[in-house]
Amino acid sequence: MLTKQLADRVGYKATVDAFVAHRRSYMDDSDLKSIASVGVRTIRIPVTWAAFAESLSPLDAEAYGRHDPETDTWIVPDPFYTTTTSWVTIPRSWLAEFVRKAGGHGLKVILDLHAFPGGSSDATYSGVWPQRPAFWTQNAKLGGGRTPLWKAGLWIAKALVRWVEGLDESAQAAIVGVSLINEPGHMAGMASSPWLQETQVLKWLEASSQLFRESQLPGMGKKLYVQIISTAFKDFQVTVPPWYAKAFSSEERHSWAVVDLHYYAAWDGGVCDGRTTPGGGFSCGQPLEQVRSLLHGCVDYFAGGFRSEEHTSELQS
């Protein structure tokens, strides 16, 4: 909603210029160098669906297809929240160059589609917040109102896959994999009135995974990070591990299909969180090896539950 409000107040050009300036200064080459210097080896680059806005041209060619996606930055409307929410596109030549810079510092990159038309999660990063997520249940209002937003989301996912396939060698070398949706259905499982069915999330993940499976990326050594978040489900451990074991073959799970569970140490207050004041799991001033040791234990414990349930499901199937 910020983009629409800003454009209404200061105008189209000033809004685009502000976003371009922010993106170029928020993280630069020196930041990538600092990240690599502390031992980080893989980073996730989140982008919105607007990085592939032209894939929605079937809904409205004028709105989504009139610029060059490689070099241009322009404002596009959300296809559902058309009057309240807009997005600023991301020039893909700039994005590819950022990937190359990361690779130049020895960093591997996961490209992550972080937000979708109509909002696919109930969170501030959805791009439509505080409006209700519409991605799973509503049709785009553009294009005659006949296209489900989830289907438009698959167009976007396919565009990302095709773009990665066509990157030059230096950019390709830096990319370890892609995540085709971030935290799908976040908070739906905790809502008193759920705004999606759990099966909708799992079916969309299956459909988008099929796009990856049929692409060149598995053969190129790229991985698919299948992002799933517990807050989308009433009982995550009962539902998701058996689904994962069935949706992907054993060979796929041991080659390119990576279950991507987000771990937030800050939520594990007093045990695994870092603070500058007393009371945390560790102090931000502690030696790096001590911090790593603690966090490794926390992450292993977090992942262990899913790993054991997945193994049980595989044996039973």
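Numbering starts at 1 and runs along the sequence shown. Quantities reported herein were computed from a predicted structural model and do not represent experimental measurements.
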Nearest non-hydrogen partners of Ala232 and His186, listed with the distance: CB-N, 4.4 Å
Atom CH2 of Trp129 with >12 non-hydrogen neighbours under 6.0 angstrom: no
Greater than 12 external heavy atoms within 6.0 Å of Tyr263's OH: yes
Whether Lys158 side chain and Leu211 backbone form a donor-acceptor pair below 3.5 Å: no
Least distance between heavy atoms, Asp260 atom then Ser179 atom: OD2-OG, 4.3 Å
Closest approach of Leu295 to Ala265 (non-hydrogen atoms, all atoms of both residues): CD2-CB, 4.3 Å
Donor-acceptor pair, side chain of Ser126 and main chain of Ala123, under 3.5 angstrom: yes
Whether over 12 other heavy atoms sit under 6.0 Å from Met190 CE: no
Main-chain N/O of Ala257 paired to Glu252 side chain as donor or acceptor, under 3.5 Å: no
Atom of His105, atom of Ala36 and distance for their closest heavy-atom approach: O-CB, 3.5 Å
Ring geometry between Tyr26 and His22 (parallel below 30°, tilted from 30 to 60°, perpendicular above 60°): tilted
Point-to-point distance, once rounded to the nearest 0.5 Å, from CG of Asp72 to CD of Glu54: 11.0 Å
Trp150 atom CH2, over 12 foreign heavy atoms within 6.0 Å: no
Minimum heavy-atom distance between Leu294 and Gly281, given as atom pair plus value: CD2-O, 3.5 Å
Derivation of the ring-ring contact (aromatic ring centres under 6.0 Å, His included) call for Trp49 and Phe135: CA-CA 12 Å; Trp49 66 266; Phe135 179 79; over 10 Å; no
Lys203, NZ atom: more than 12 neighbouring heavy atoms under 6.0 Å: no
Neighbour count >12 (heavy atoms, 6.0 Å) for atom CD, Gln197: no
Short side-chain to backbone donor-acceptor contact, Thr15 and Gly11, under 3.5 Å: yes
Polar side-chain atom of Arg253 near backbone of Phe248 as donor-acceptor pair, under 3.5 Å: yes
Backbone N/O of Ala247 and side chain of Glu206: donor-acceptor pair under 3.5 Å: no
Polar side-chain atom of Gln227 near backbone of Leu180 as donor-acceptor pair, under 3.5 Å: no
Spacing of NZ belonging to Lys4 relative to OG1 belonging to Thr85, to within rounding of 0.5 Å: 9.0 Å
Nearest heavy-atom neighbours spanning Trp136 and Pro184: CZ2-CB, 3.7 Å
Spacing of Ile228 atom CD1 and Tyr225 atom OH [to the nearest 0.5 Å]: 14.5 Å
